[in-house]
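Please read these numbers as outputs of a predicted model, since none were measured by experiment. The basis for the numbers below is simple: all heavy atoms, side chains too, and nothing from hydrogens, waters or symmetry mates.
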Amino acid sequence: MTDETVTTPPEETRKPDLPPPITAAGPIAWMRDNLFSSPLNIVLTLISVYLIYKVVPPVLQWAIFDATWTFPPEVVTGDRPPSISDCAPGGACWLFVRARLGQFMFGFYPDPERWRVILSFALGAIGIYGLLGGPAPLKRHFAIFFFVAFPILSFWLLRGGLGLTPVPTELWGGFMLTLVIALVGIVLSLPIGILLALGRRSKLPIVQLVCVIVIEVVRGVPLITVMFMANIMLPLFLPPGMDVNVLLRVLVGTTLFVSAYMAEVVRGGLQAIPKGQFEGAMAMGLGYWSMMRLIILPQALRISIPGIVNTFIGFFKDTTLVSMVGLYDFLNMVKAGYKDANWVGVEISGYAFCAIVYWICCFSMSRYSMYLERKLHTGHKKR
Amino acid sequence: MAQPAAQAAPQMQVGSDVMIELSGVNKWYGQFHVLKDINLAVYRGERIVICGPSGSGKSTMIRCINRLEEHQRGKIVVDGVELTHDLKKIDQVRREVGMVFQHFNLFPHLTVLENLTLAPIWVKKMPRKEAEEVAMHYLTRVRIPEQAKKFPGQLSGGQQQRVAIARSLCMNPKVMLFDEPTSALDPEMIKEVLEVMVELAQSGMTMLCVTHEMGFARTVANRVIFMDRGEIIEQNTPEEFFNNPKSERTKLFLSQILHH
């Protein structure tokens, strides 16, 4: 060993960094790598191509090319109402959706008042946008708007009173009702679920016991049962003469239900936070709530995003169960449409429309959660 | 290992007032008796290095000082405040005692600057701007002001540990506890962390360090404590401790760590 080998070699004797070899580029290389890399892979590719060939063209044929999209002239002029007979057999009957879209969206909400629903959801959309993707310095304002002003405003807009024509909740229905139930459940279940999760991990035995009981009882019962119980049993516990609105009872029941699930998802995230994070926070003199709010929950919730969104998506679809207690949510409203003598036999088109709408909602939630995960990634995952 | 060249600066004087006092401290983990009748007085400005084999209770002892661990018998008084179940007193002690951990325990979701300003803002209610000035001051002192906007996960282990030291200093503590601060670091990063710790010692900070960096102990410690099986076996000045160990257990331990 000489001295030269110990010191760093001068620049010119070092091997230069080379670019990686170009072996895979272009569509043919891609196909070779991804579709035909092994005999098994070739077989799977061929089977998949065959299945796509068998399924996709007939579906497109039914839903687009053979479907009926426009009303015949006598319906447009108003001479007779539209019916199933206006649709070509063998294709989707989108006339049913077009004719009843208003009802699917707003239920029995009176026509001249529907702008109130649109306005309140527009406000909600602005709030959500500001809260989740908007400019950072305005976040606090958006949070106050969304969690305080928006619920009060939209309650007033939807319910009426104080200068607006009152619209009783019995008239609410369709997609609007689905959104109301889903939004209330989603927005309230996260904070309640967090509190339940913290309670379950609490060192205070009473708090822990209460939280465990709430979570396990609510989670161990089907949602329909919770809804029936909320509908039938809640009035038994209230003083006589005090009538609680059906929708309110359902909202209480469903919110409690999602909260129990949310609690366990959040608890999973809390479990994943290393003990050192708690100790680091405590050693600096942070109290329990500051530590949770500033250090533990931001990390635990970030880990829990897939589970949280999973719960939200599941719940969004479970809102259809409110039809069991006589509410006309989106799906139930579409089903009610078939009962019209003019539309007998239009079920498949109706269900297809429902499926598309639910899918769009759930898929957007899923995409948004993936975006959020990427955005909140701060490089510490690598370690 | 690293031998930071430093002469005892004039401000490295040890005060006569007791900063931390442990008397008759006992602790059990279930049936296991981790701390056995610990008596220790730490004077203001004193720098103590605690060593001993693993499982000897040295980490547990310093973690009792800021109540990350609870002692079951005996008395711990930190700067006149006795540690009991009173949460207010625990918070009061924690505000004055900084701690640096083996695994840094930085908050990965916050930037370096946010890690440093968090406690001053939320615990001391310091205005954000002032907290940021304090943070930048200490980041400069640990020689990484340029990393302020990065996340901890983007820094090397040595840099992370220096951030952790700066984070504790931002609370302007009266005592600093170090729990094996260099044990999780790659060899080439130990030096940069020890240099910061030596500077801190020279500034007159009261320090308790659990470490096996004997070079550090020789350079800055006033007292070296050797613990084994939950007891303080021996304590002495570094020269006496290393050159003239009294107990057999100390001799065995020193021979193991110095001649490996």
Quick one: which of B:V25, B:L40, B:V34 gives a side chain to side chain contact (heavy atoms under 4.5 Å, CB included) with B:M61? B:L40
Let me know if B:F101 has heavy atoms under 4.5 Å from chain A in its side chain, its backbone, both or neither. side chain
Could you look at B:I90 and say if it's the side chain, the backbone, both or neither that has a heavy atom under 4.5 Å from chain A? neither
Going by an N to O cut-off under 4.0 Å, is there a salt bridge joining B:R63 and A:E279? yes
Checking B:V97 against chain A: side chain, backbone, both or neither under 4.5 Å from a heavy atom? backbone
Between B:M176 and B:M99, is any pair of side-chain heavy atoms under 4.5 Å apart? no
Could you walk me through whether A:Y368 and A:Y371 satisfy the ring-ring contact (aromatic ring centres under 6.0 Å, His included) test, starting with their C-alpha distance in whole Å, then the side-chain angles of each, then the deciding distance to 0.1 Å, before giving a yes or no? CA-CA 5 Å; A:Y368 181 74; A:Y371 157 77; 5.7 Å; yes
